[in-house]
Number of protein chains: 2
Amino acid sequence: MKNRRITLKDLAKDLNLSASTISRALDNHPAISESTKKLVKKKAEKLGFIPNSIASSFRTNKTKSIGIIVPRIDIHFHSLVISGIEDYAYKNEYNVTIFQSKDCLKREKEIVKILQNRMVDGVIACLSIETKKCDHFKKFEKLGVPLVFYDRVPTDFDANKIIINDFESAFTATEHLIASGCKRIGHIAGSQKTNIFKARLEGFKAALVKHNLPIQEDFILHTKNLGYEEGVTCANRFLELPELPDGIFCANDYTAVSLIQVFRKADIKIPQQVAIVGFSNYPISKIIEPHLTTINDCAFQMGESSAKLLIRQIEDKDDSVNSETITIRTELIVRESTKRA
Amino acid sequence: MKNRRITLKDLAKDLNLSASTISRALDNHPAISESTKKLVKKKAEKLGFIPNSIASSFRTNKTKSIGIIVPRIDIHFHSLVISGIEDYAYKNEYNVTIFQSKDCLKREKEIVKILQNRMVDGVIACLSIETKKCDHFKKFEKLGVPLVFYDRVPTDFDANKIIINDFESAFTATEHLIASGCKRIGHIAGSQKTNIFKARLEGFKAALVKHNLPIQEDFILHTKNLGYEEGVTCANRFLELPELPDGIFCANDYTAVSLIQVFRKADIKIPQQVAIVGFSNYPISKIIEPHLTTINDCAFQMGESSAKLLIRQIEDKDDSVNSETITIRTELIVRESTKRA
DNA sequence: ATTAGAGATGCAAACGTTTGCATAAAAAAT
DNA sequence: ATTTTTTATGCAAACGTTTGCATCTCTAAT
């Protein structure tokens, strides 16, 4: 029952025109008369002609599609970024093909190899956690395939990057605690092997320094993955201290939520005794009680910007060398977890 | 600086062989001698040959890629499904191209049109909330493109479907409340225009009937989108009743979480006074306190199954007509919100 | 020594579209 | 009436791979 597909040639034969005329007519080429265009389009509609985009890609060397490499799709941050990418791409008639590196360098390299074979006009990637050197990405440049990194970006090599200012955001978050009257401020830090979390710790410290507050090393707790359970551990470590901090800036929302829950059970009032700030504006931040003050990392917008930059570079005729870094402006969202008196 | 890509012909010229031999050698065709294969592969590696997959697709009419249509990528359920699809597809050397319908029928139709043009070997879709009739999907069958629906599936047309048994799951959840000693059981229902939520309501009622418990209509609250805020409204409506239910089965986790929070503020003990069961096993269900008993809808597995079924149909030579419905087994996850005495 | 068969490679066409160039027909300028 | 310009269409090649069939060489069987 699978009827053979209609091709340009079929239309051509049917209308006693050449395939080139059909092609141009459907493409609104100015050299084709209006009457012919109308005729061709009507016939195409009637016969149910669907252009073979693979043949077109083959001929033109353009696929109108972009490849995305993310650690995992089901992490909310990345799903938001992808959503932003898809949205912008769709408006510009690109489609997106997605790969998960699973935070595994080996798999990332495999994917990079797969993507070399002309399947995509450009690539957007967030590095796997294991990735330290980015040599495998360099092939794209040689092949003339534009490449944009977001969030976890390479440091060892010049590239297009879409990032947020982690240092500044952490600085703002910490200053907010200070402005709320906190004097003894702690931090739950992510892996210092990841630049992002390093920057957040540094921003935190810089704010303390600026306001002449002491940096107390036992108020700075380190974690591996900023997981929910690690947050519980941190909370208990805080509770064992001779004196609790009166404000804590967490490098993500999960650990912040853990703090809130453990502290509440220990009958510690939030924000009166301890004010808490998270990072990322996960959905849970506006559900947990008290609602969590946090930094909106603008993931969707990050996706949009990545797609925008990439598509601009794909379509840019003049092949000027270019590697831009765009920093997305984050915002502090103040909620109950820091609203004191 | 963009060096021209190496093609089969380049390799052929370089080795004084024909392009066909090169092609077959790289493909491990049995007719090619081992020595030649070794030679060719070595040369290919050395010159950095990357096969042009577009040309290959063009020739063979196979793209080794599958299209996915989801309402939104950033809904956790869908991101999990996509993750499952990508995982299975990757193992089988397929890649996935994603489109968001944004729950908009018009956009869904546009996407369907885009996907007709030979870009994909098969399609996996979850219907937009607006979609009532699925005629626009029928073209795929005519074109010989396999199609699998998941979660929100068409009822007006025979197709491959991956679903969970919503009726049975709701039944199980309700029976669990009954087994926990609840006698006056309520329900927060989703839009009855959506089959899924209709089935959950029916499963709920069936369990009551089976155990000779009364179906009290003022214990059944209806919502539009099962949103968090709607959950709050429902919670307050329950509180206004002359007598509270002693167990509530919610058609999703968001509304269940709202119940927990509002009830807690009203000093109602969960699960002692009211036991609560959700649906979907969202991440928040194991964070909210008390942790929420819920139905694990096995989203990742749903994705895997969809991909598995689709790829089987793509690669099935014998063109036997086929429309399978696979029901994924859900599981009840019991947590504190129903653990009474 | 001849033939049959296996083994290895090459030839050439095909997939459907796009595009530079040529050409035909019609209109405008001489 | 002839030449020039404009307008509309067609020709044919090209993109890189795959694949049925033909060809060639060499070994094995007669």
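Below, chain A is the first sequence line, B the second, and so on; all start at residue 1.
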If you define the side chain from C-beta out and look only at heavy atoms, does anything of [X] sit under 4.5 Å from [Y]?
| X | Y | answer |
| --- | --- | --- |
| B/Phe157 | B/Phe149 | yes |
| B/Ser56 | B/Pro51 | no |
| B/Ile326 | B/Lys161 | no |

Whole-Å gap separating [atom2] ([N]) and [atom1] ([X]):
| X | N | atom1 | atom2 | value |
| --- | --- | --- | --- | --- |
| A/Leu15 | D/dT9 | CG | C1' | 13 Å |
| B/Lys37 | C/dT9 | NZ | C1' | 13 Å |
| A/Lys9 | D/dA12 | NZ | P | 13 Å |
| A/Leu8 | C/dC15 | CG | P | 13 Å |
| A/Ile6 | C/dC15 | CD1 | P | 14 Å |
| B/Glu34 | C/dG7 | CD | C1' | 13 Å |
| A/Leu26 | C/dT17 | CG | P | 9 Å |
| A/Arg24 | C/dA22 | CZ | P | 14 Å |

Across the strands shown, which category fits [X] at heavy-atom distances under 4.0 angstrom: base, sugar-phosphate, nothing?
| X | answer |
| --- | --- |
| A/Ser56 | sugar-phosphate |
| A/Ser57 | nothing |
| A/Ser20 | base |
| B/Asn16 | sugar-phosphate |
| A/Asn117 | nothing |

Worksheet item: Any stacking of B/Phe58 on D/dT17, going by centres under 5.5 angstrom and planes within less than 30 degrees?
Response: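 By the stated criterion, B/Phe58 and D/dT17 do not stack.
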Worksheet item: Toward the 5' end of DNA chain C, which comes first, A/Ser23 or B/Ile22, by nearest nucleotide?
Response: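 The residue closer to the strand's 5' end, by nearest nucleotide, is B/Ile22.
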Discussion item. Between the base of C/dC15 and the side chain of A/Thr7, is one N or O donor paired with an acceptor at under 3.5 angstrom?
Written reply: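 When only heavy-atom distances are counted, A/Thr7 does not reach the base of C/dC15 through any donor-acceptor pair under 3.5 Å.
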Discussion item. Tell me if the side-chain of A/Arg5 makes a donor-acceptor pair with the base of C/dG16, cut-off 3.5 Å, by modelled atom types.
Written reply: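 Answer is no: no donor-acceptor pair is held.
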Worksheet item: Do the side-chain N or O atoms of B/Thr60 get closer than 4.0 angstrom to the phosphate oxygens (OP1, OP2) of C/dC15?
Response: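 Checking B/Thr60 against C/dC15: no side-chain N or O falls below 4.0 Å of OP1 or OP2.
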Worksheet item: Does OP1 or OP2 of C/dG10 have a side-chain N or O of B/Thr21 closer than 4.0 Å?
Response: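 Answer yes for this pair, as a side-chain N or O of B/Thr21 is under 4.0 Å from OP1 or OP2.
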Item to complete: May I ask you to decide if B/Phe300's main-chain N or O and B/Glu304's side chain share a donor-acceptor pair within less than 3.5 Å?
Response: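 Looks like no, no N/O pair under 3.5 Å.
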Worksheet entry | Lys/Arg N to Asp/Glu carboxylate O, B/Glu110 vs B/Lys106, below 4.0 Å |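 Here B/Glu110 pairs with B/Lys106 in a salt bridge, since their nearest N and O are under 4.0 Å apart.
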Item to complete: Indicate the ring-plane relationship of B/Tyr150 and B/Phe77, choosing parallel, tilted or perpendicular according to the 30° and 60° boundaries.
Response: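 Ring orientation, 0 to 90° scale: tilted.
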Worksheet entry | Passing candidate, salt bridge (Lys or Arg N to Asp or Glu O under 4.0 Å) with B/Asp135, options B/Lys139, B/Lys132, B/Lys133 |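 The passing option is B/Lys133.
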Worksheet entry | Side-chain H-bond candidate by donor/acceptor type, A/Ser23 with A/Ser20, under 3.5 Å |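 Absent: no donor and acceptor within the cut-off.
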Item to complete: Kindly state which residues belonging to residues 41-55 of chain A come within less than 4.0 angstrom of DNA chain C, counting heavy atoms of the residue only, listed by number.
Response: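 Per residue number, the list reads A/Phe49, A/Pro51, A/Asn52, A/Ala55.
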